[in-house]
Amino acid sequence: MLICSPSPIVRRRWRRFAEHRRGYVSLWIFAVLLGLSLGAELLANDKPLLIRYQGSFYVPLLHAYPETAFGGDFATEADYKDPFILTQLRQSPNWVLFPPIPYSFNSIDSQLHHPAPAPPDANHRLGTDDRARDILARLIYGFRLSVLFALTLTGIGTVTGILAGAIQGYFGGRTDLLLQRVIEIWGSMPELYLLIIFASLFNPSILLLIVLLSLFGWMSLADYVRAEFLRARTMGYVKAARAMGASDRTIMFRHLLPNAMTPVITFLPFRISGTILALTSLDFLGLGVPPSTPSLGELLQQGKANMDAWWISLSAFIVLVAMMLLLNFIGEALRDAMDPRKEA
């Protein structure tokens, strides 16, 4: 069985990336934060992780158990914050294991000591929003939503931009001119106005946002890929591959595309950060995800509406700034690592 090892160029670029300490450390910090947010249900949830009751084990995260399973009177799903249910679960030899943050992003705390939005205390380390929901839990879920949304949208835009730019740059001529005019016309469309129109026609959803934003997010990348293909299509190795009978598809994606990936990889962190900012801005304006969805933009909007509750806007602002700094540091390290002037 053959194991493919990285090429010398890839190893040299990774070594240069690792030598950029700020970007290398930022990559690990961002990866750890993303990994923790992917397990948000294990960190912040109003359901226990594990229950041992009368010799049997229960996993409420995976199954919905009726209240009657724990000595209650109703057949509906158990409320694990109910004092009677908690007493039953904690009565020896029974025990219950809650997550570190016993609140989900949509959990409403009806036992606050202050009117919502409540300031930080022992139960809510970053306070609550104006609907008595834990801010720390919403930040964790909002971070995951923002990053996964940005990765999805960036992936769609990258694939579309590579295909459009490769076709333009490789074939050139009328194909290039026609696609360039289409891009210019489509790029002149007012994106914000279209979002407002579609938001008024359809119910807001993450899928709708991805579809709408992916229609515009590929054009800037297509220009870079087009320029690389236009530059490289007249080189000797391309002419040799064409003389040997290689198909256009093989030349485009096996010979030309690897050499055109430098701007694509270099701009990835900046495109991700731009997408996160776009989602946050749309949520702040009320044109993004549904209101109940955890979002950084929705928290910023709440902070604007509740100026005396400083902990709301401050928490969202710190998380957003930290995300942008980490992604920009990673982008700087990638830019230096992919710099062809440092290949020697």
inquiry  = Ignoring hydrogens and geometry beyond distance, is a side-chain donor-acceptor pair present between Ser220 and Arg271 at under 3.5 Å?
reply    = yes

Can you see whether Phe329 has Arg22 sitting over its ring - NZ or CZ less than 6.0 Å from the centre and within 45° of the normal?
yes

Exactly one candidate in Thr154, Leu320, Leu151 meets side-chain contact (heavy atoms from CB on, under 4.5 Å) with Ile276; the answer is Leu320

Does Arg90 offer a backbone N or O that forms a donor-acceptor pair with the side chain of Asn94 under 3.5 Å?
no

*asked:* Is there a side-chain contact between Asp283 and Leu296 in this structure, where contact means two heavy atoms from C-beta onward sitting under 4.5 Å apart?
replied: no

**Message:** Using the rule given for salt bridge (charged side-chain N to carboxylate O under 4.0 Å, His left out), can you reason through Arg233 versus Glu228, listing the C-alpha separation, both sets of side-chain angles and the distance that settles it, and then say yes or no?
**Reply:** CA-CA 8 Å; Arg233 68 173 185 162; Glu228 292 293 327; over 6 Å; no

### Message
Within 45 degrees of the ring normal and closer than 6.0 Å to the centroid, is that where the cationic atom of Lys47 sits relative to Phe98?
### Response
no

| said: Looking at Thr128 and Ala118, would you say the former's side chain and the latter's main chain have a donor-acceptor pair under 3.5 Å? | reply: yes

Using a distance-only test with no angle check, is there a side-chain donor-acceptor pair under 3.5 angstrom linking His124 and Asp109? yes

_Under 3.5 Å, is there a donor on one side chain and an acceptor on the other for Asn259 and Tyr237?_
yes

* Asked: Would you call Glu298 and Arg138 a salt bridge, using N to O less than 4.0 angstrom?
  -> yes

Handout entry: Minimum side-chain heavy-atom gap Phe171-Asp176 below 4.5 Å
Key = no

Next on the checklist: Parallel, tilted or perpendicular, judged at 30° and 60°: which one describes the rings of Phe17 and Trp14?
Outcome noted: parallel

Check: Are Tyr53 and Trp95 close enough that their ring centers fall under 6.0 Å?
Finding: no

* Any donor-acceptor N/O pair, Trp310 side chain to Gly303 backbone, under 3.5 Å -> no

Can you find a pair of side-chain heavy atoms, one from Arg133 and one from Ser107, that are under 4.5 Å apart?
-> no

Original post:
Can any side-chain N or O of Tyr141 pair as donor or acceptor with the backbone N or O of Ala44 at less than 3.5 Å?
Top reply: yes

Review point. With side chains defined as the heavy atoms from C-beta onward, is the minimum distance between Gln180 and Arg226 less than 4.5 Å?
Key: yes

- Task: Would you tell me whether Asp248 and Tyr170 have side-chain atoms, one donor and one acceptor, within less than 3.5 Å of each other?
- Result: yes

Do Arg16 and Glu19 sit within salt-bridge range, that is, some charged N less than 4.0 Å from a carboxylate O?
no

